[in-house]
Structure formats: structure tokens, C-alpha cells
Amino acid sequence: MKITKHIFLFVATILFASFNKQEAGIQLQNLRCEMLVNPEGIDVVKPRLSWEIISPQRNVQQIAYQILVASSPEKLANNEADLWNSGKVNTDESIHVKYAGMTLKSKRRAFWKVKIWTNKGESAWSGNAFWSIGLLNYVDWKGRWIGLDRSFEWDNETQFSRLSARYFRKEFQAKKTIKQATVYIVGLGMYELYLNGQKVGDQVLAPVPTDYTKGVKYNTFDVTKLLQTGNNAIGTVLGNGRFYTMRQDYKPYKIKTFGYPKMLLNLDVEYIDGTKETISTDESWKVTADGPIRTNNEYDGEEYNATKEMPNWNKVGFSDSNWLKAQLVQEAGGMFEAQMTENMKVMETIKPVSIKNLKANTYILDMGQNMAGWLRLKVKGKKGDKVTLRFAETLQNTGELFVRNLRDAKVTDVYTLKGEGQEIWEPSFVYHGFRYVEITGFPTVPTIEDFDGRVVYDDMATIGEFETTDKTINQIYKNAYWGIRSNYKGMPVDCPQRNERQPWLGDRTTGAYGESFIFDNVRLYSKWLNDIEQAQKPDGSIPDVAPAFWRYYGDNVTWPGTYITIADMLYHQFGDKETIKKHYPSMKKWIDYMQEKYLVNGLITKDKYGDWCVPPESLELIHAKDPALQTDGILLASATYVRLLELMQKFAHLLNKPEDVKVYSKVAEDIKKAFNQKFLNTQKGEYSNGTVTANLLPLVYEMIPANEKTKVWNNIVNKILVDNKGHISTGVIGTQWLMRGLSQNGRADIAYKIASNRDYPSWGYMAENGATTIWELWNGDKANPEMNSGNHVMLLGDLIIWYYENIAGIKSAKDAVAFKKIIMKPEMIDGLNAGKASYHSMYGTIKSDWKKDGNKFQWNISIPANTKSLVYLPANSLDKVREGGKKIVGLEGIKFVKTEDNQLIVEVSSGNYSFSVN
Ligand code: BGC
């Protein structure tokens, strides 16, 4: 009896387990290593692994995982984890799990998979994922840097430099059957790489730019399939990029330049018999600068002469006898770093919307969208025909290009035909910011069919979508989307069109956070923090532009402080704590430096840009001159510094540095006191001259004495509603907190008014006046063109954050990171009847889709597996709420928490839910 019972129980358990397993339907997707999908050549030896859990069921929470890592896919298939078997680890951690297996040396390859256990059963093993280690040590690099440290008679090294691209080639013999071949390349400023005539990879404008004297990025490619036993040919083309700078010998005190293009390449070949060989750059390579790319310059454009093409130059057998011997040149100077962010790519191809004949032989092409990238053309004509393309963002009334706001950038591409039937061309080493293109010299009558707009930016996924019933808001969102993608260029730049294109820190202080809802920008921004750290002076000073291609060490707070706010963003949005750990000492150094140098009488006394670009008193102005519109620089610097100290306390706490927490909190308290003493006018209840920014910063940074808060708040509201008639009056600094500040204090209606205005000044005004991106200035249609780009992102402030967190109501809770705990709380604003967004977090996709109609409210949400959410429903009692038509009490995945301020709060576990309130 007993035995049968046991057998029965045993069989039942097995049956249940397998039933449970299948029933669970749990899948693991999007396996990532250091937040990259199957990265080649990383230089982190203990990388962090993440996965997403997909399940059709509700309330799925991970309770354990097991990771297997093997040195070959075959071993992994046999569950032979020779590098690491984590064993079953009881935890809900599913992102940033640190590899803890055998130490991986240079060039090692690791194949991995994961399985999990959940409260709803276990998953099967995931599919295989992969990473490989790059060259970790200097000595791993074989060969020499090669280049040509000179220009040629067709080049010109003035302010408007013209330097032709350099073509390198090398043939070699692979003597045996190849098992594995890997290329490591540092090609500066930019490279294209070919093996046996085939282009390696789909990247463009690679590698990402750095200060090459501090760090150089190498790219790694698995090229096994491109090689063959016997003869092989490697070809590379080097363009200038930021290395041979666009403005050579021009203002050398300000503009950094690095020398002539150069490269170092290692091709590692492993044969099936286990022997190895490295082909590397050295004097045996041949080079010519007399190829088709006659000049390439980020600001001025590329000129390509197809009659100079060298057919098959990158294949075996080409005669390079009239090429030069590659020159051994000095190394770039920077440390070798694996590029752990994606390269740029052609991310989209769009068609022009119209083409007009302006005058004889001159056409104006309209892309219908301000964009960054280039034009690809299809053309037929005679040998020597020359097509000239000039790019601009807007047109003059005459229909001609408006180029004054490009300053002295020439943005002109020239293609010279070889005259052999249809020719298709696009540039290799430049990009332009444009909507319109002037075409001259086209041999036939061009039509829009002859052109494609190639949209170029870092290869990152779009992870957010957002929509409301308000057309203005939707248009602004679209403009922001195009603006942000235009300005990702291996680093975040200010604008893609004029002679600037610099990675200004202050433009992204808060913007990066908003952008992270739309783009998977985690790797780009963690790379940028490294650029910032590398740009730090030994004394601690951080520049306003990093990499410091322009040397601006102005020591203000608001621009360099971005170093700290972005580290916080990476942690809050993506759970990236390592970055905080890595940069903490440098952040601390800067914080201390600023204090030592600029803390006078309790306040930080240095500022440079003020509340940059407020709407000025007169429309032709770039900056306001009226002191009533400007905010005191010491106020901006001191308030921002207090905020940064608060973040530093958070970091110190996270890294278990209680002493630092104490110190920072004391300094912050002292500054607050001095700040209130100096700027708070208790009679008027306002700070300084009472601009919205002057009152808003102390409000959101919680610096106002409790008994003064209401007065200050009322002043903000009055200023906006009465003085500014419901319009924005803030610049780059104030706008970073405006929308959230208003919402947090109960006036989301004012935020909504500002967000949906279509008259000046507003984002809607830009759209109303033809903007398809975001302008640099509120008065971008009328202001002096000296500083007036049509494609900046800094004035977005916290608008995108507000769209997602307050309108769609998707927010990562403060007491967790990376949306492990989600606050679902859309604002109910009169006049806004629906909001909809999806956001692909590290855990999976979060959705919010709500509609209201009178007292009726309908809300569909999705919460990813292994996360939980607090859902705020606009209802004051449980009776009024239904989910899927049913009363919510006792429903799987839903737990009542409390009612608060006429809202019903429920805890909702993973799954899809359809709530209604009547
Ligand atoms: C840039 C801005 C930048 C500013 C700071 C401008 O020229 O375009 O975006 O932040 O200078 O001075």
C-alpha cells in the first residue's frame, strides 16, 4: 500500500513536472552579453549576461536560472559546459548576471545558453548565444601601424582640407583548410574593409570616433566564410573622419587634429590542423591615394571620380606595381579598446517626395524630411560628366537652398561619371544633415526615382512607440524621433549639418533619458561616458565637448554635470551599475575640483551658458539680452550642483561608501542654506528675478523651505499662465524639468497646454512652421542664422520623458531599476482622451493603451515576465473596476493595494490585462 502510494506520488510528480514544463510555454529570447547581441571581440573578461522571458501566461516570475558556457557550439549542444556551468542559482536576477567561469584570454570564443525555473514551471534551454574576446593586451597585436604621412599634389591642406582616401592592399596565401578566421582592425579616421573583393560587415563610417590620443577603438569580425584556401586579398580604404580633421591647421589652439589616416590590422587564421597564422599590417602592404575618392571631409563633402576606379583592386591578381609601399607610421597614441557599441549603419532608405527644375540644369530635390545621412544616386551619362549635390535644411523664398545657417561647411558631394551605362553611387566617408538637395550637372532630366535618402546612425533598435489623440503631440514626437536619430554619430552630436557637429555635453543632460525610451541607446551612452572620462584633465576639469575635438574647458556645472546625470540614466533605465562603479572616482574628482575652485561663500560661482536659448525678447536674436528673461548663472550652477550631489549620494550609497554620502549631504545642505539666503525673496515668494527656471530648479531639487513652497509654486504658475499666456519661457536648463515639475505638482494641465501649443514659442510652433525635426532655437524661423540649426535636440528638455512616464504612464519605480518594478500611472488631463505607448525594456515589452470617454476609462496593459507593476486606476472603489469584464478581486496576477487621491492602486504581475472603469 505504502509502496504503491510512493510509486503513485513519484509518477505523479514526474507527470506534473513534465506537464508543468510544457504548460509553462516559457521562452527565453534576446540573449545579450554586455547588452550586445552576440558581440565579437569584447574586452570585458567577466561580461554580464541578460535574457528576456516570454510567456503567454500571467504572473510569471523567475525563481532560478542555470547558465552553460562552452568553448564550442558542439560542446554546448551536449551540455558540456567546459567554461562555466553556473549550476541552478536561486534568484530572480535575469539581467546583468556576471559571468563567473574560467578566465577568458584574448581571442577566446564562448557559446552560451540559459534555462530558468519560474513559479509557473521551467523553460527549455534557450537557443545558443555567443561572445568572443578581443585582443586584451598590447602585445597581442602583431605588425605595425601603416599609412602615408604626406599629401599629394591633388590634395590641399588648408582650412577647407581636401585629402584623398588611401587604398591599401595585401595578398597572402592560406596554405591549409581554414577553421576560423578573425580580423581585428583599427582604421583611422574611418575604414572600409574588403576580403577577396567582398565588403566585410554592413557598418558605415566605422569605427566610432574617440580622442585617438587617449583611446582607439578596434572592430572585430568573423571572416571565416570570406577566406579561401590558397590566394586571398585584403583591401582597405581609409577616410579622414575625425582623425585628419576637417579644418586642418585652423585654430589649432581650439580644434584637435591627429595626423594622416592610418591603420593597424591583424587577420588571425586558424587551420583545421590546429596551426595558426597572423597576417598583419607591415611594409609589405601597398597603398595608393590616387583612387576614385578624391576628397572626403565631414563638413565639406565627398568627391568621387569614377574614371579613377581601379577595377578589382581588392581581389587577388590585381597589379599594384604602380602603387606605393605602405609607410610605417607612428601609432595613434591611444589605448586599444574593443568597440563595445554598434557601428553606424544605413538604418533606413527613404524616397524623395518631389523634384523641381529651378533653372537651367539645376534641380531641387525634397526628401520631405530633415534627416542625416546621404543621397544615393542612379545616373547614366558620358565619361567625365559631373553631378554636383549640395545639401541644406531649408529653402529661400526663391526656391534656392538656404545655406547661411551651415556657416562655412560646404556640404557638397561631386560624382564624376565613368560613362559605362547605369552608375550607382553613394559616398563612403561623409554624412550631411539635410532635407533639400540642389542637383546640378545631371546628364539627363532627373526624376525622384534616381535618388534614395540613406538615413545613417548607430545601429540601435527603436524600442519605443508613442501616440495620443493630440495631433500636435504626435507630430512633435515624430520630429523628436527624427532629430534624435539624426544626431547619433558614434557619439551624440549637437547637429548634423553646419561646421560644428560636436558632442556637447549640455545638450543631453536630461535628453539622454528621454531618448532612452525611444532608442536602445545604452551602449552609445556608456561609450560616451568613457569619452568624457578620457577628456578629463588630471586636475579634474571636464570639458563641455567630449571627445574634446573642440577644447572647451570652461568649468561650468551645467554642461560637464551631464557625466553624472547620464550615469544615473543608464542605471535607472537599464540597470547598468557597472558604469557607475567604473566612473565614480572620476566623477568624484570633478565634484571635488569644482568645489575647491568655485565654491565661494557657500555657492558655486562659475557658469558659462546660462539658461541657454530661452525665447528672446526680439525674434531676430539668438540669445535674450533682457535681464528679466535670463536666469542668474550662480543660481543655475549652485542648484544644479546640489542635484548632482544628490546623485553622488545615491551612487556612494550604491557602492557602499557611507563616508562619501555624509560628506556630499553636508555640502548640499550648506549650499541650500546659502542659496536660499542669497536668492530667495520671501516677500515675493520667488528666487532671484523670478524666471520660471529660477523658481523651478529649487522646487524640483527640493531646496525650498517648507513654508515658502506654495508661494514659489504659485509664482511659477502665474508666470506661465499670466505673463507668458500659457507658453514656455525656459531654455535648455529649465526645460529639463518643466513638464515633470508641473505634473508632479498637480498641474499636468499646464504641461499639456505647453506641450500642445502651436503658436510661438512652442515645439508645436516649430512643426506648424515646417519643422520635421526640432530646432535649436524657439525662434528658429526668424533668428540670426549664425547659430540656428534646424536639427538640434537640446530644447526637448524632459518632454519625451513626460510623454512616456506621464501621458502613457510607463515609468521605472524609484526603488528598483530597469523596469523591474513598473509604475503604470497615466495622467488624466481634460482634453486628452487617449494615450498609447510601448517600450521594450531589458525585461521585455511594456504596453499601455488607454482611452477615456466621460466617466468611462478603458486601459490595456502588458507587463513583462519577471517584473511587477503598481497600476494606478482612476477609480475610488473596487466595484467600479473590471478586468476582462470581471471583478478584479481574486483574479490571477492582480492584488489590491490601496486607494489614494481618488485612485485605486493594484499590484499587477506579468501578463496582458484589460481594465475598465465605469
Ligand atoms: C551648440 C550647442 C551647445 C552650445 C554650447 C552651440 O554651438 O550647437 O548645442 O550646447 O553651443 O555653447
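All ligand and atom numbering here is 1-based and tracks the order in the structure.
- With a 4.0 Å cut-off on non-hydrogen atoms, Glu776 touches ligand 1 through its side chain and not its backbone.
- Here Arg501 has no heavy atoms under 4.0 Å from ligand 1, in either its backbone or its side chain.
- In summary, the atoms of ligand 1 found under 4.0 Å from a heavy atom of His792, numbered by their order in the structure, are 1 (C), 2 (C), 8 (O), 9 (O).
- Side chains of Tyr488 and Asn521: a donor on one and an acceptor on the other come within 3.5 Å.
- Inspection of the Tyr701 and Trp737 side chains reveals an N or O donor paired with an N or O acceptor under 3.5 Å.
- Under the 4.0 angstrom criterion for non-hydrogen atoms, Glu786 is not in contact with ligand 1.
- For atom 4 (C) of ligand 1, the closest heavy atom belonging to the protein is Trp612 CZ2, 3.5 Å.
- Of the protein's non-hydrogen atoms, Tyr609 CE2, 2.9 Å is the one closest to atom 12 (O) of ligand 1.
- Side-chain contact between Trp374 and Glu302 is absent, with no heavy-atom pair separated by less than 4.5 Å.
- When only non-hydrogen protein atoms are considered, atom 7 (O) of ligand 1 lies nearest to Glu500 OE2, 2.8 Å.
- Under the 30°/60° scheme for interplanar angles, the aromatic rings of Tyr803 and Phe466 are found to lie parallel.
- With no hydrogens or angles considered, a side-chain donor-acceptor pair links Tyr765 and Asp781 at under 3.5 Å.
- In this structure, a donor-acceptor pair under 3.5 Å is present between the side chains of Lys753 and Asn757.
- The distance from ligand 1 to the heavy atoms of Met794 drops below 4.0 Å at these ligand atoms: 9 (O).
- Atoms of ligand 1 found under 4.0 Å from any heavy atom of Asp507, numbered from 1 in the order shown, are 2 (C), 3 (C), 9 (O), 10 (O).
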Original post:
When you look at Tyr760 and Asn779, which way does the side-chain contact (heavy atoms from CB on, under 4.5 Å) test go after all the steps?
Top reply: CA-CA 8 Å; Tyr760 179 79; Asn779 48 329; 3.6 Å; yes
